[in-house]
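Residue numbering restarts at 1 for every chain, and letters A, B, ... go by the order of the sequence lines. What's counted below: heavy atoms across the whole structure, side chains too, no hydrogens, waters or symmetry copies.
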Protein chains: 2
Amino acid sequence: MAEPARLNARELRSWTGYHRMSARFAACLNQSLLKDAGLSYADYEILVALRECPEGRMSAGELRCELRWEKSRLSHQLRRMQERGLVRRETNPADARSAVVRLLDKGRCAIEKATPHHTARLRADLFDLLTEEQIDTLADISETVLAHLERREAEALPDGPHGIERIEREATGR
Amino acid sequence: MAEPARLNARELRSWTGYHRMSARFAACLNQSLLKDAGLSYADYEILVALRECPEGRMSAGELRCELRWEKSRLSHQLRRMQERGLVRRETNPADARSAVVRLLDKGRCAIEKATPHHTARLRADLFDLLTEEQIDTLADISETVLAHLERREAEALPDGPHGIERIEREATGR
DNA sequence: TAGTTGAGGTTGACACATCATCCAATGGAC
DNA sequence: GTCCATTGGATGATGTGTCAACCTCAACTA
């Protein structure tokens, strides 16, 4: 690429602004949620997903897929939430490897208390400040970048260590 | 406010998109930085700030102000970086309370190695995907939200715990 | 049927961020 | 001078996120 090594003024303004805003906004949301309902944003995401399910039950795999989380992150998070009595892990009779997560009363109570505050905060600190065009542009940008990252990672995987292992195995005739 | 409790379709698309993108993008940047130069993004920010200074020296207070970090966060981060030989804390002869952070050779080497990769990644994964209008809109949105959050927090402080303590002290005559 | 592979999940180690608390030096107020 | 609130910073506890290693079960294959 023939592009200059440093960001230009437009890019720099956009990046520093975005970077500071996203960090601050996430911290702000987390704090509000903690104050209003004693939940972290990670807790909130789990509970929202579970609330949308019939009987508040969802397989851990679905949950991971829905939230795009790493499996170890989900495992740690569920352990902590289970210790606090928000959810419970149950064994899946259909497949002994997988697990089912159940929303407990305490968790349902917490999420119902938290949601209105959270929505109000999203409005007050984000959407009420923006025009409809800006809101749409933010969505467009996010989807563009997200699609790009997912495409890149999907391409990287087959050529990554996995692919190399396969090739080596074939080359040595194992 | 008479607004509905739930987000509308436009807001929901924007929020879920933004939220997923920002999490993923940050993770991606962190990973690249770690792979390319063995630095976390937190390390990177510190080192960038120090590199811009004459002789790579900066007071801890300035650093905190520049990065908008909490003091304990900076303290922990500097300790870890000092243990790895990237920076060194020195006492300030002018004020024995404060400290001066010095960029060591190993740190300078790391940041010089990391920067081109980081810039290239910002281009490839963000700016090359967007129009100039989108880049500007992202900056506008970020600055609007950031200004709002800073205004809100500045207003909250004088009426917060600090103010209450002062009033209580005065009321009890202490 | 025994061995292999892969998927689902857990665990431990470590880096990171926040909070509350503590300590030392400073700069006034008296 | 002596208090004393403030400031700059360090520390320990706790919650969070990632990575690597591991275990179990299921499915496939020789």
Heavy atoms from C-beta onward define the side chain here; which of dG9(C), dG9(D), dT7(D) lies closest to that of Arg64(B)? dG9(D)
Would you give a per-nucleotide map of nucleotides 10-18 of chain C, 5' to 3', where B means the base has a protein non-hydrogen atom under 4.0 Å away, S means only the sugar-phosphate does, and - means neither? BBBB--BSB
Estimate the overall bend of the helix from dT1(C)-dA30(D) to dC30(C)-dG1(D) from the end axes over five pairs each, rounded to 10 degrees. 10°
Just how far, in rounded Å, is P of dT7(D) from CD of Glu62(B)? 18 Å
Any luck finding a side-chain donor-acceptor pair between Arg79(A) and His76(A) under 3.5 Å? yes
Check Lys113(A) with Asp36(A), please: is the shortest side-chain N to carboxylate O separation under 4.0 Å? no
Could you state the atom-to-atom distance from CZ of Arg97(B) to P of dG27(C) in whole Å? 6 Å
Let me know which of Ile46(B), Leu63(B), Val87(B) forms a side chain to side chain contact (heavy atoms under 4.5 Å, CB included) with Gln77(B). Ile46(B)
Determine whether the aromatic ring centres of Tyr41(B) and His118(B) lie less than 6.0 Å apart. yes
Between Glu150(B) and Arg20(A) (salt bridge meaning N to carboxylate O under 4.0 Å), is one present in this structure? no
Is there a donor-acceptor contact under 3.5 Å from the side chain of Gln31(B) to the main chain of Cys28(B)? no
Check for a donor-acceptor pair, side chain of Asn92(A) on one end and backbone N or O of Val100(A) on the other, with a separation under 3.5 Å. no
Pair Arg13(A) + Asp140(B), salt bridge at N-O below 4.0 Å: yes
Here the distance between atom P of dG9(C) and atom CG of Asp95(A), to the nearest Å, is 8 Å
Tell me: CZ of Arg24(B) to P of dG17(D), nearest whole Å? 16 Å
What does Asn30(B) touch in the nucleic acid at a heavy-atom separation under 4.0 angstrom: a base, only the sugar-phosphate, or nothing? nothing
